[in-house]
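Down below is the structure, laid out as structure tokens.
Chain letters run A, B, ... following the sequence lines, proteins first, then strands; residues in each count from 1.
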Protein chains: 2
Amino acid sequence: MSTTDEDRQAAELTFNVLAKRCSSRPVLEHMTGKWGTLVIIGLREGPARFNELRRRVDGVSEKMLSQTLHSLERDGLVERIVHSAIPPRVEYRMTPLGVRVTDKLAALAEELEASMPEIIEAQSRYDAEQRA
Amino acid sequence: MSTTDEDRQAAELTFNVLAKRCSSRPVLEHMTGKWGTLVIIGLREGPARFNELRRRVDGVSEKMLSQTLHSLERDGLVERIVHSAIPPRVEYRMTPLGVRVTDKLAALAEELEASMPEIIEAQSRYDAEQRA
DNA sequence: CAGTATCCGAGAGGATACTG
DNA sequence: CAGTATCCTCTCGGATACTG
């Protein structure tokens with residue numbers, strides 16, 4: 001049995017995102033934007049409250065964290081749970097959809113981390129050539 | 001047999017990228033930037049020349065395509081092959097490293113495309129709640 | 001064809017202050 | 001704690017023109 005049909009179908013799906021007016025493109029940009037990726041990976045560590053998450057993601061400002069979370073919530077990847085109380089207590093967690101989609105993003109980050117030695121070498125080579 | 005050790009190691013790697021000064025973060029940003037992702041997916045269709053690739057990725061300007069390709073080339077994900085001739089002929093293709101890393105990115109795009117119905121529904125729900 | 005150079009506007013994103 | 005609001009800067013990125 002060949003997986004040709006499966007592969008072709010996957011390729012078609014992937015290719016679709018290249019189209020400017022494809023509806024998935026904004027979502028992709030939310031996830032892969034500067035903070036989207038990092039917030040997602042931070043949340044995959046487990047549910048977190050606002051400032052807790054802020055500490056996880058090194059360097060994110062309140063504004064950007066808030067904004068990013070709203071986008072991800074709107075896309076249905078993240079769930080916001082408010083416990084009415086004083087002091088306020090809000091928890092963010094991945095939805096099942098979020099887990100499914102962001103597993104792929106985490107896989108990317110892992111592969112990337114594992115490849116860093118090779119990447120750093122490539123960068124050195126490139127920089128040396130440019131200098132010459 | 002448990003995969004616990006493997007899993008924990010993977011989680012550590014992923015977590016690393018959350019640190020501001022982690023060396024993999026810039027690379028991740030190149031790949032996941034607005035055009036990085038799309039150029040990569042475009043190139044995964046097969047090697048391409050500059051303007052050919054520009055046509056594949058709907059909406060990218062010459063400037064951004066050029067810039068993105070340089071970043072990816074520096075990171076060792078993309079190879080630039082110059083055939084000295086007139087008219088100039090330059091081909092871009094994924095390196096083996098690039099294929100390995102970007103397979104993960106393509107998997108993300110596929111999962112995302114497949115999840116679009118669910119995402120669109122979530123967005124509608126969110127927008128309705130905001131209005132109320 | 002395969003780019004680089006320059007200009008310019010819009011929006012990303014940081015710092016700070018404030019609110020419930 | 002969990003944000004929103006405001007201001008301000010700086011980069012991203014598009015349009016255009018030019019080069020080998």
Side-chain angles (χ1 to χ4, degrees), chain A residues 18-21 25-40 42-43 46-75 78-93 126 129-130, chain B residues 18 20-21 25-40 42-43 47-74 78-93 126 129-131:
Chain A
L18 292 175
K20 203 175 186 176
R21 306 227 150 277
R25 199 140 135 180
V27 183
L28 186 66
E29 280 171 23
H30 294 157
M31 296 188 60
T32 64
K34 177 166 188 185
W35 297 115
T37 311
L38 297 165
V39 167
I40 282 168
L43 263 187
R49 300 174 61 179
F50 189 84
N51 282 299
E52 195 181 342
L53 187 56
R54 190 152 129 71
R55 260 169 267 124
R56 274 190 207 168
V57 182
D58 192 10
V60 67
S61 67
E62 290 184 355
K63 180 185 169 183
M64 282 303 108
L65 179 55
S66 175
Q67 207 171 99
T68 305
L69 283 170
H70 278 309
S71 294
L72 296 176
E73 189 193 352
R74 190 177 109 91
D75 295 338
V78 165
E79 193 179 2
R80 184 172 179 273
I81 301 165
V82 184
H83 305 268
S84 298
I86 293 173
R89 179 181 177 83
V90 181
E91 267 203 357
Y92 293 91
R93 57 166 65 240
Y126 181 91
E129 276 172 30
Q130 296 307 305
Chain B
L18 293 175
K20 203 174 186 176
R21 305 227 150 278
R25 200 142 133 178
V27 183
L28 185 65
E29 279 170 23
H30 294 156
M31 295 186 61
T32 65
K34 178 167 187 184
W35 297 115
T37 310
L38 297 164
V39 167
I40 282 168
L43 263 187
R49 302 174 59 177
F50 188 85
N51 282 300
E52 195 181 344
L53 186 56
R54 189 152 130 71
R55 262 170 267 124
R56 275 190 206 169
V57 181
D58 192 11
V60 68
S61 67
E62 289 185 354
K63 179 186 170 182
M64 284 302 108
L65 180 55
S66 175
Q67 207 169 99
T68 305
L69 284 170
H70 279 307
S71 295
L72 295 176
E73 188 192 353
R74 191 177 106 93
V78 164
E79 194 179 3
R80 183 171 180 275
I81 301 164
V82 184
H83 306 267
S84 298
I86 294 175
R89 181 183 176 82
V90 182
E91 265 202 357
Y92 293 90
R93 58 167 65 237
Y126 182 91
E129 276 172 30
Q130 295 306 306
R131 184 170 307 280

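A donor-acceptor pair under 3.5 Å is absent between the side-chain atoms of Asp58(B) and the main chain of Ala19(A), judged by distance alone. Side chain of Thr32(B) to backbone of Leu28(B): a donor-acceptor contact under 3.5 angstrom is found.
Taking atom NE2 of His30(A) as the reference point, atom C1' of dG11(C) lies 13 Å away to the nearest angstrom. Atom CG of Leu65(A) is separated from atom C1' of dG14(C) by 14 Å (rounded to the nearest Å). The nearest whole Å value for the distance from the CE atom in Met64(B) to the C1' atom in dT6(C) is 13 Å.
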key: Intra- and interstrand pairs of DNA chain D - dot-bracket, Watson-Crick/G-U under 3.5 Å, | marks other strand   = ||||||||||||||||||||

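Looking at Val39(B) and Met64(B), their side chains never come closer than 4.5 Å, going by heavy atoms from C-beta outward. Looking at heavy atoms from C-beta onward, Leu69(B) lies in side-chain contact with Leu53(B) at the 4.5 angstrom threshold. Contact annotation: the side chain of Tyr92(B) approaches that of Val78(B) to within less than 4.5 Å [non-hydrogen atoms, C-beta and beyond].
Rounded to the nearest 0.5 Å, atoms CD1 (Ile81(B)) and CZ (Arg93(B)) are 4.5 Å apart.
Using a 4.0 Å heavy-atom criterion, one finds that Arg80(A) contacts the sugar-phosphate atoms exclusively. Residue-level contact check: His83(B) touches neither bases nor backbone, having no heavy atom under 4.0 Å from any strand.
With DNA chain C read from its 5' end, the first of the two nearest nucleotides for Ser61(A) and Pro88(B) is the one closest to Pro88(B). Both Lys63(A) and Tyr92(A) sit near DNA chain D, but only Tyr92(A) has its closest nucleotide nearer the 5' end.
Shortest non-hydrogen contact noted between Tyr126(A) and His70(B) is OH-ND1, 3.4 Å.
Interface limits on DNA chain D: the 5'-most and 3'-most nucleotides within less than 4.0 Å of chain B heavy atoms are dG13(D) to dG20(D).
Applying the 6.0 Å contact sphere to CZ of Arg56(A) captures more than 12 heavy atoms from other residues, nucleotides or ligands.
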